[in-house]
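Right, one structure below, let's go through it.
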Protein chains: 2
Amino acid sequence: MEEQGTSVGNNMQGRLRVTKEAEEHHYDVSKYERPSVTIDVVMMSLRQRDLQVLLIKRRSWPFEGMWAIPGGFVNIDESLEDAAKRELQEETGVQDVYLEQLYTFGDPGRDPRTRVITVVYFALLDSERLQVSAASDAADVGWFSVYDLPPLAFDHEKILQYTLGRLRGKLDYTTIAFNLLPERFTLRELQRVYEIILHKKMDKRNFRKKILSTGILEDTGAKKMEGTHRPARLYRFNPAAESQL
Amino acid sequence: MEEQGTSVGNNMQGRLRVTKEAEEHHYDVSKYERPSVTIDVVMMSLRQRDLQVLLIKRRSWPFEGMWAIPGGFVNIDESLEDAAKRELQEETGVQDVYLEQLYTFGDPGRDPRTRVITVVYFALLDSERLQVSAASDAADVGWFSVYDLPPLAFDHEKILQYTLGRLRGKLDYTTIAFNLLPERFTLRELQRVYEIILHKKMDKRNFRKKILSTGILEDTGAKKMEGTHRPARLYRFNPAAESQL
DNA sequence: ATAATAGTGTCTGTGAGACAGTATTCT
DNA sequence: AGAATACTGTCTCACAGACACTATTAT
């Protein structure tokens, strides 16, 4: 997908698409000046024990050289979610990840080029799959801590703050956190997800008690041995036991 | 605002709006076929001890004769929220009400005329102010129980279900319910709001205990006398005591 | 007196949070 | 033996939910 902000094409007026039915009914859709619609996808993952977001460095006006949330135009025949999936696929090579519509930002003036309304999605990627996939490690793509962001283009700072708020809000009444972990994980790793996102330490015993009491975890029987200490049990998320923590 | 679906204008191609800056940078925004953007506003209120939504009867193709959520195009220089406020004002004459962006629906094919992406807002109106305002009681505008809806145009049935879900979800961790009541109200009236929205009976003593313990209510000193029974205290919502129930 | 709704208190179970010591592995 | 992290149980307090009777007004 074309990066949002790349200079595009020639000066031909975009043809409006009107269905046969609409023509038959003499329905005309082209009266109004119409805003552009894009989707942006906030992709977050846990990296280096930090909550990080994927950003793209802008190569042209406006906000040249600043970092931005990846996004692009919505194709005329494509659902919003499909557009978001396409963007996700193009940037990370990953499919089938958690994807949720976040909010639609559309203030006039948020983009100096023209009126752009952007439907923002946010995606959670588990670090393991991310490593496998072709990490486009070009100089103009990078992962940044949400707690230490570079200067951002457009209203993208606001969008990221909004995303973080949503993520935190959903953390304790949904199972959203599991999307940041690989299939098998230890309880300590899960706790770390919560601690990083909520940005606070939690009590180990209370955390384990609470999670285990819900029954959403399944003991895989396997253990994770690393380092010079007692190995930890590996659990698996059990979607069948649909509990809301 | 033009009702969504009213046949509009002539066949002139909509002029794109490009800023001076964009022209200077040779930025062209007109390459893509672009979807139309509308806003829809789900307006809900308590009427006759029921949760009702304002709908508009369509007078033309498509879905002629069916009921639809009021909405219209977003003007090129107007924020999404301003467009929603304008729609609200036009339909109910009411201003300064609770208004929240809900979700953006944009599946191709949801509107048979052309690709339409609609940003849906929802508004909560208190019944008292609503009576004062010019209730456009035309035959093609009506209030319907969300629990007994007529056949709806487009994907509006889905949108209303989504709205109801959001309202219910927010009920017990926000103060959203107060927006459906006039400034002064009795505890029983507040309880009725919860009961109607959650569609279940609640225990009077527990409800009062819970609400009063939060401190978000202020006793006005006044009482509401009606009927042949003990009068009820009138309370006021105290936003200062920002509690999340 | 009757009808109608407002208003009030106790008990019990559950879950959240505070809190410290033992277990297992590797070197 | 020491280092490092995994793992476990109890107490207290607050809140949710079940539950029934008295208070006040108008007719």
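Per chain, numbering begins at 1; letters A, B, ... match sequence-line order. Just the heavy atoms: all of them, side chains too, but no hydrogens, waters or symmetry mates, feed the values below.
In this structure, B:F207 atom CZ and C:dG7 atom C1' are separated by 14 Å, rounded to whole Å. Whole-Å rounding puts the B:K204 NZ to C:dA4 P distance at 15 Å. Nucleotide C:dA6 holds its P atom 11 Å from the CG atom of B:L234, rounded to whole Å. A straight line from NZ of A:K201 to C1' of C:dC19 spans 17 Å, rounded to a whole angstrom. Here C:dC26 presents its C1' atom at 9 Å from CE of A:M225, a figure rounded to the nearest Å. If you measure from atom OH of A:Y235 to atom P of D:dA6, you get 12 Å, rounded to the nearest angstrom. With rounding to whole Å, A:K223 atom NZ is found 21 Å from D:dA4 atom P. Rounded to whole Å, the distance from CG on A:D172 to P on C:dA16 is 10 Å.
For A:R205, whose side chain is taken as the heavy atoms from C-beta onward, the closest listed nucleotide among D:dC7, C:dC19, D:dT25 is C:dC19. For A:K209, whose side chain is taken as the heavy atoms from C-beta onward, the closest listed nucleotide among C:dA6, D:dA6, D:dT10 is D:dT10. With C:dA18, D:dG2, C:dT5 as the choices, the nucleotide that has an atom nearest any side-chain atom of A:N206 turns out to be C:dA18. Which of C:dT25, C:dG9, D:dG9 sits closest to the side chain of A:T228 comes down to C:dT25. Nearest nucleotide to the side chain of A:R230, out of D:dT10, D:dA18, D:dT5: D:dT5.
Ring geometry, A:F207 versus A:Y194: the interplanar angle exceeds 60°, so the pair is classed perpendicular (tilted spans 30 to 60°). Using the six-membered ring where Trp is involved, A:Y147 and A:H199 have ring planes that are parallel, under 30° apart on the 30 and 60° scheme. Ring pair B:F178/B:F237 is parallel by interplanar angle, where below 30° counts as parallel and above 60° as perpendicular.
No donor-acceptor pair closer than 3.5 Å links the side chain of B:R208 to the backbone N or O of B:L187.
Nearer the 5' end of DNA chain C, as judged by each residue's closest nucleotide, is the contact made by B:R192, out of B:D203 and B:R192. Residues B:R188 and A:H229 both approach DNA chain C. Their nearest nucleotides, taken by heavy-atom distance, put B:R188 toward the 5′ side. If you find the closest nucleotide of DNA chain D to A:L187 and to B:G227, the one lying nearer the 5' end belongs to A:L187.
With 3.5 Å as the limit, one finds a donor-acceptor pair spanning the side chains of B:T118 and B:T38.
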